[in-house]
Amino acid sequence: MDTPLSTIAVVGLGTMGTGIAEVLALAGREVIGIDISEAAALGAVASLETSTARAVTRGRITEEERAAALARFRTADTLQAAADAELVVEVVPESYEIKQQVFRELDGIVSPTTILATGTNALSVTRLAAESQRPERVLGLHFFNPAPAMKLVEVVSSVLTAPPAVEAVTRLARELGKEPVAVGDRPGFVADGLLFGYLNQAAAMYEANYASREDIDAAMKLGCGLPMGPLALLDLIGIDTARTVLEAMYAESHDRLHAPAPILGQLGSAGLTGRKAGRGFYTYDAPGGQDVVPDALTPAASAEAGAGREVASVGVAGSGTMASGIAEVFAKAGYTVVLAARSQEKADTAKGRIAKSLERSVSKGRLSAEARDETLGRITAAGSLDAFAEVDLAVEAVAEDLEIKQQLFAALDKVCRPGAVLATTTSSLPVVAVARATARPEDVIGMHFFNPAPAMKLVEVVRTVLTADDVHATVRAVCAKIRKHPVDCGDRAGFIVNALLFPYLNNAIKMVEEHYASLDDIDAAMKLGGGYPMGPFELLDVVGLDVSLAIEKVLHREFRDPGLAPAPLLEHLVAAGCLGRKTGRGFREYARR
């Protein structure tokens, strides 16, 4: 039976409830906003008046449409006002007791055909439905904040939900201009289920003093293209809210990755719940403020003090895309560069790749022809590491194989002059194991560039327990000169970015293995709900499934956490030769070029 859903009640007029009410009213629905707080009701009305006035000013709606939307919204302080609603959406606090009380009262008020939707993102829809007299009409309708702007809506079915109810709210979501994704009932659903595990790991990384809050956030923004770093996002969400979601996820999964990091409980108990309190991981200008202000943990301007070594010439070892990209970066910054490969032919090919890259920049107006010629003139292609005899900094970008890198560093140890800094671009191998292949491990450091090196701003600077202070200072200074953003991290698997990124990708694969959601719905959820530039399966196919599996294995071996074990589906695809875009098939199939 078709349910028109023309009259809708929204129970709870906080930020989310008010946002949902605005979306519904602008879409032509009669909306009853219900809240026991008169202040909340008045605040909702004022918020709608302000936001719709802003929409008129920006040309998104007409004054007539604004007036009509405001006329369709009314408030009440009792659930009796929902009597004629065809859909009730509750967005009251995340508490079983409060939500169950709302559903029990609604049972005696609304029509038997009324759909009851919970806006929870952490509690069991099935458990809430079981408390209702009509569980087949109960489902989850999870909007994302801010509801007027965010396109994603997760439509959550329990084992008790009737398909016509799901179809009705899915159709409604599309009519609202949203992108509905169908998911099953488990804490966090898709978007938050993947997002909060990642946020929890970032909090644990910070708590372990592995990296500063600023470096963790910068690494994920610059390395993954995310709109916010994880610790800033936790402050925005609310640290108490995040802990509630994680507790619910852990209660079901018993996965250590979902066990809330102790620091979340400590901050919450201290009332430091993020932006709304004026302080969380960061300190803000006021409770509810957006602007971060300096505090005792803010790095001092002189934090990079310390004399480094002079670097005028750079050697880059390797002939692949990463090696040529790094050589291009250094040459553009004015360094004299020696690009060495296993043969003169390979070195010349790598330099030719740089020439093509520079030519593209000229054609797009980003570089002058004169600058192109000067940059290319600073690069010497060599067929042997012997050409590194006088370089001040040697950077290797060869295969991600410990034995190969150790052999290379043993050779660099013999060729490079005393005092030269030796850097590895490894993304997953222990830097100290590479350093020990030399007689001067104090001169060795990690410089993990991201691909494509000319475009990506991030460099993870990896100190070992043996790295000299002046070597670290040298690399930080070099990063500034080549216009990269350095983040400091210790010598452990994955560093910052991969240690946070790949468990998230692995968990997405597990969702598909468990038939919880489709590839397309998971990718859509993370792009629309999390602001990710690519969905996890798009990204896996671009990175390469074999590369992803190798990193997952390194992380699992290092941290010994069962939750980090590579998903069997990933292993099966790699064994079948389905490695992503480079083979034409990974999680999806691609047209052969």
Side-chain angles (χ1 to χ4, degrees), residues 307-344 346-351 353-355 374-399 404-426 431 434-449 453-454 459 461-464 466-484 486:
R309 304 177 187 179
E310 185 177 347
V311 175
S313 58
V314 178
V316 179
S319 58
T321 304
M322 181 60 82
S324 57
I326 293 171
E328 178 181 335
V329 166
F330 278 108
K332 278 181 176 176
Y335 288 99
T336 300
V337 178
V338 179
L339 178 57
R342 286 178 293 175
S343 69
Q344 187 64 47
K346 286 182 177 293
D348 290 338
T349 299
K351 184 174 179 180
R353 189 182 299 117
I354 297 170
E374 289 177 356
T375 299
L376 206 57
R378 294 189 191 102
I379 302 172
T380 300
S384 166
L385 290 177
D386 290 341
F388 283 9
E390 297 302 322
V391 300
D392 303 310
L393 167 65
V395 182
E396 70 77 15
V398 299
I404 291 173
K405 290 186 187 291
Q406 287 174 326
Q407 291 173 355
L408 177 65
F409 270 77
L412 291 175
D413 191 29
K414 296 175 181 176
V415 169
C416 293
R417 66 170 182 77
V421 175
L422 311 180
T424 171
T425 62
T426 182
V431 176
V434 175
R436 290 297 300 279
T438 75
R440 41 173 154 172
E442 68 279 1
D443 291 339
V444 179
I445 194 167
M447 285 186 76
H448 179 211
F449 288 80
V459 175
V461 178
V462 188
R463 294 188 69 161
T464 76
L466 302 173
T467 304
D469 288 343
D470 65 339
V471 168
H472 174 248
T474 300
V475 168
R476 295 274 307 189
V478 165
C479 286
K481 187 171 180 182
I482 61 176
R483 297 182 179 179
K484 300 298 181 186

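Sequence positions, counted from 1, serve as the residue numbers for this chain. None of the values given here were measured: they were computed from a predicted structure.
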Checklist entry - How long is the span from the OG1 atom in Thr349 to the CD atom in Gln344, to the nearest 0.5 Å? => result 10.0 Å
Checklist outcome for this item: Rounded to the nearest 0.5 Å, the CG atom of Leu393 sits from the CZ atom of Phe388 at a distance of 9.5 Å
Item to check | Spacing of CE belonging to Met447 relative to CG belonging to Leu422, to within rounding of 0.5 Å | outcome: 12.5 Å
Checklist entry - Is any side-chain heavy atom of Val421 closer than 4.5 Å to a side-chain heavy atom of Ile445? => result yes
Item to check | Euclidean distance, Asp413 CG relative to Gln406 CD, rounded to 0.5 Å | outcome: 13.0 Å
Item to check | Shortest non-hydrogen separation from Ile326 to Ala453 and the atoms involved | outcome: N-CB, 3.9 Å
Item to check | Heavy-atom closest pair, residues Thr426 and Glu396 | outcome: N-OE2, 4.0 Å
Checklist entry - With a 4.5 Å limit on heavy-atom distance, are the side chains of Leu385 and Leu408 in contact? => result yes
Checklist outcome for this item: Nearest heavy-atom contact between Gly446 and Val431 is N-CG1, 3.9 Å
Item to check | Pair Leu339-Val316, side chain to side chain contact (heavy atoms under 4.5 Å, CB included): steps then yes or no | outcome: CA-CA 5 Å; Leu339 178 57; Val316 179; 4.1 Å; yes
Checklist entry - Would a distance-only check, ignoring hydrogens and angles, find a side-chain to backbone donor-acceptor pair under 3.5 Å from Thr467 to Glu442? => result no
Checklist entry - Val338 versus Glu390: any side-chain heavy-atom pair under 4.5 Å? => result no
Next on the checklist: Looking at every non-hydrogen atom in both residues, tell me the closest pair between Ala317 and Ala323 and how far apart they are.
Outcome noted: O-CB, 4.3 Å
Next on the checklist: List the residues meeting ring-ring contact (aromatic ring centres under 6.0 Å, His included) with Phe409, not counting sequence neighbours, and say none if there are none.
Outcome noted: none
Item to check | Nearest non-hydrogen partners of Cys416 and Val391, listed with the distance | outcome: SG-CG2, 4.4 Å
Item to check | Gap between atom CG of Leu466 and atom CZ of Arg440 - 0.5 Å precision | outcome: 14.5 Å
Next on the checklist: Just so I know, are the side chains of Arg463 and Asp469 near enough to count as touching, which here means a heavy-atom distance under 4.5 Å?
Outcome noted: yes
Checklist outcome for this item: Ser319 and Arg353 have their tightest heavy-atom pair at O-NH1, 3.0 Å
Checklist entry - At what distance, to the nearest 0.5 angstrom, does CD1 of Ile482 lie from OH of Tyr335? => result 7.0 Å
Next on the checklist: Using the side-chain hydrogen bond (donor to acceptor under 3.5 Å, both in side chains) definition, which of the options Asp470, Asp392, Thr474 pairs with Arg309?
Outcome noted: Asp470
Item to check | Flag side-chain contact, heavy atom, 4.5 Å: Lys484 against Val478 | outcome: no
Next on the checklist: Please check this pair: side chain of Arg436 against backbone of Pro441, looking for a donor-acceptor N/O pair closer than 3.5 Å.
Outcome noted: no
Item to check | Val337/Arg378 under side chain to side chain contact (heavy atoms under 4.5 Å, CB included): CA gap, chis, key distance, verdict | outcome: CA-CA 6 Å; Val337 178; Arg378 294 189 191 102; 5.5 Å; no
Checklist entry - With a 4.5 Å heavy-atom cut-off, do Thr438 and Asp443 have their side chains touching? => result no
Checklist entry - Do other residues, nucleotides or ligands put more than 12 heavy atoms under 6.0 Å from Arg417 CZ? => result yes
